[in-house]
Each structure stands twice: as C-alpha cells, then as structure tokens.
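Report on the structure given below.
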Amino acid sequence: MKLQRLLLPLLFATGVAFAGAAAAHGTGDTVKPNFDRPITNIPGKSLIALEVLYPPGGASLPHVHSKSAFIYAYVVSGSIASKVNDGPERVYKAGESFHEDPGSRHPVSRNASKTKPAKLLAVFVVDSGDHPLTTNE
C-alpha cells in the first residue's frame with residue numbers, strides 16, 4: 001500500500017513531464033520518451049532521455065529548456081542543424097554530439113536533410129520536478 005501511494009504520484013508526474021516535452025515541440029518533429037529516473041546518488045536530480053524524430057525537412061520551434069537542465073544531445077541517425085544561444089549554426093552527423101548548458105536558448109534545431117529522416121537523443125540532467133522541460137519562444 002505504501003509503495004502504491006509513492007508510485008502513483010511518480011507515474012502521474014512522469015506522464016505530465018513527457019506530455020509537456022512533447023507538446024512544446026513543433027509540428028515538424030516527434031518526441032518520444034526514452035528514459036526517466038531519479039539519480040539516487042544526487043538527491044533532487046533526475047536523468048530524462050527523449051528521442052526527437054525529424055522527418056525530411058522537419059524542425060523544432062525555437063525554444064528554451066527548464067532552467068536547471070543540462071542537456072547532452074547525440075545524433076542517432078541522419079544530420080541535425082543546431083544553434084545554441086548566439087553560437088554559430090552547425091550541422092551534426094550521426095555519431096556526433098553537442099550540449100546545452102542550463103538556461104540556454106535553442107533557436108535552431110532541424111533536420112539538415114530535405115530527403116532523409118533524422119533522430120536525436122536528448123539527455124537531460126535536471127532538477128526533479130522542474131517542468132516543463134521545453135518551452136517554445
């Protein structure tokens with residue numbers, strides 16, 4: 001009974017977090033939950049991974065992430081054009097990665113190809129309960 005009282009709110013919060021992340025993205029991408037777990041040796045922190053799937057020519061809307069989120073982004077397939085803050089726009093190919101520091105703006109995140117799909121794995125180290133993970137500008 002005690003475990004059930006703890007698990008139900010956690011499952012609800014996880015669903016809300018994933019729904020918020022997915023809803024904040026543009027129509028040119030699809031976001032799928034991949035992993036969500038508290039980091040047990042760092043109280044108050046969680047590790048959340050999301051797959052961002054871009055159809056040919058697809059893009060996310062310009063956005064920011066939750067203030068506590070450190071993000072590691074890994075291109076699983078295809079190529080992704082990305083711009084973080086005022087840095088240069090860069091194209092990352094499958095097997096390459098980049099990061100976003102907490103409080104970063106992400107004005108460009110798109111499939112660099114008009115003919116092939118692309119997939120990005122976004123891994124968040126974030127304060128537990130810091131939602132939404134993504135907010136459009």
Side-chain angles (χ1 to χ4, degrees):
M1 182 84 171
K2 190 175 187 181
L3 181 61
Q4 185 179 20
R5 278 189 286 165
L6 291 172
L7 285 178
L8 287 175
L10 180 61
L11 289 172
F12 176 76
T14 299
V16 168
F18 284 139
H25 279 265
T27 57
D29 63 359
T30 302
V31 178
K32 287 178 34 179
N34 181 282
F35 184 85
D36 185 352
R37 185 168 179 112
I39 303 173
T40 56
N41 63 334
I42 308 175
K45 292 288 186 182
S46 292
L47 185 73
I48 299 173
L50 303 172
E51 292 177 37
V52 184
L53 310 165
Y54 293 99
S60 299
L61 296 171
H63 58 272
V64 295
H65 294 288
S66 56
K67 295 287 185 199
S68 69
F70 177 89
I71 300 160
Y72 167 76
Y74 178 81
V75 180
V76 176
S77 62
S79 56
I80 304 288
S82 180
K83 177 180 171 72
V84 178
N85 294 322
D86 294 326
E89 184 174 318
R90 180 168 169 209
V91 174
Y92 297 89
K93 296 179 180 161
E96 295 182 323
S97 62
F98 60 93
H99 77 281
E100 295 181 43
D101 289 322
S104 294
R105 288 183 57 248
H106 202 171
V108 176
S109 183
R110 64 178 169 79
N111 186 340
S113 172
K114 302 276 187 209
T115 60
K116 298 178 183 173
K119 183 192 298 188
L120 178 76
L121 180 68
V123 180
F124 293 67
V125 176
V126 63
D127 290 348
S128 300
D130 188 0
H131 301 294
L133 292 176
T134 305
T135 304
N136 292 336
E137 292 189 312

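Being a predicted model, the structure only gives us computed values, none of them experimental.
Ion pair Lys67/Asp130 not flagged as a salt bridge, since none of the NZ, NE, NH1 or NH2 atoms sits closer than 4.0 Å to an Asp/Glu carboxylate oxygen.
Heavy atoms only, all atoms of each residue included: Asp86 and Arg105 are closest at OD1-NH1, 4.4 Å. Residue Lys45 comes nearest to Asp127 through the heavy atom pair NZ-OD1, 2.6 Å, listed as atom of the first residue, atom of the second, then distance. For the residue pair Asn111 and Pro56, the shortest heavy atom distance occurs at ND2-CA, 3.7 Å. Across all non-hydrogen atoms, the minimal contact from Gly28 to Pro55 is O-CD, 2.9 Å. Nearest heavy atom pair, residue Ser79 against residue Ser113, reads OG-N, 4.3 Å. Annotation for Lys83 and Asn85: closest pair CE-O, 3.7 Å, computed over non-hydrogen atoms.
If you chain together hydrophobic residues whose side chains sit under 4.5 Å apart, Val76 and Leu53 never meet in one group. Cluster membership check: Ile39 shares its hydrophobic cluster with Val123, using side-chain heavy-atom separations under 4.5 Å among Ile, Leu, Val, Met, Phe, Trp and Tyr.
Between Phe98 and His106, the ring planes are perpendicular. Angles over 60° get that label, and only those under 30° would be called parallel. Between Tyr74 and Tyr72, the ring planes are parallel. Angles under 30° get that label, and only those over 60° would be called perpendicular.
Note that the CG atom of Leu133 and the CD1 atom of Ile71 stand 8.0 Å from one another [nearest 0.5 Å]. Here the CZ atom belonging to Phe124 is positioned 6.5 Å from the OG atom belonging to Ser66, to the nearest 0.5 angstrom. The distance from atom CG of Leu120 to atom CD1 of Ile80, rounded to the nearest 0.5 Å, is 5.5 Å. Atom-to-atom distance recorded for His131:NE2 and Ser68:OG is 9.0 Å, nearest 0.5 angstrom.
Checking side-chain atoms of Asp29 against main-chain N and O of Gly58 turns up no donor-acceptor pair under 3.5 Å. Within the 3.5 Å criterion, the main-chain N or O of Ile48 finds no donor-acceptor partner in the side chain of Asp36.
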Using the rule given for side chain to side chain contact (heavy atoms under 4.5 Å, CB included), can you reason through Glu137 versus Val64, listing the C-alpha separation, both sets of side-chain angles and the distance that settles it, and then say yes or no? CA-CA 7 Å; Glu137 292 189 312; Val64 295; 3.6 Å; yes
Under the side chain to side chain contact (heavy atoms under 4.5 Å, CB included) criterion, do Ser82 and Tyr92 qualify, and how do the steps go? CA-CA 8 Å; Ser82 180; Tyr92 297 89; 4.0 Å; yes
Test side chain to side chain contact (heavy atoms under 4.5 Å, CB included) on Leu47 and Arg37 and set out the steps. CA-CA 5 Å; Leu47 185 73; Arg37 185 168 179 112; 5.6 Å; no
side-chain hydrogen bond (donor to acceptor under 3.5 Å, both in side chains) between Tyr54 and Ser109: does it pass, once the steps are laid out? CA-CA 10 Å; Tyr54 293 99; Ser109 183; 2.6 Å; yes
Checking side-chain hydrogen bond (donor to acceptor under 3.5 Å, both in side chains) for the pair Thr134/His63: CA distance, chi angles, key distance, verdict? CA-CA 7 Å; Thr134 305; His63 58 272; 5.4 Å; no
Let me see the working for Asn34 and Leu121 under side chain to side chain contact (heavy atoms under 4.5 Å, CB included), right down to the final yes or no. CA-CA 9 Å; Asn34 181 282; Leu121 180 68; 4.1 Å; yes
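Within the 4.5 Å cutoff, the side chain of Val126 has no heavy atoms near those of the Phe70 side chain. Considering only heavy atoms from C-beta on, Lys119 stays 4.5 Å or farther from Lys32 through its side chain.
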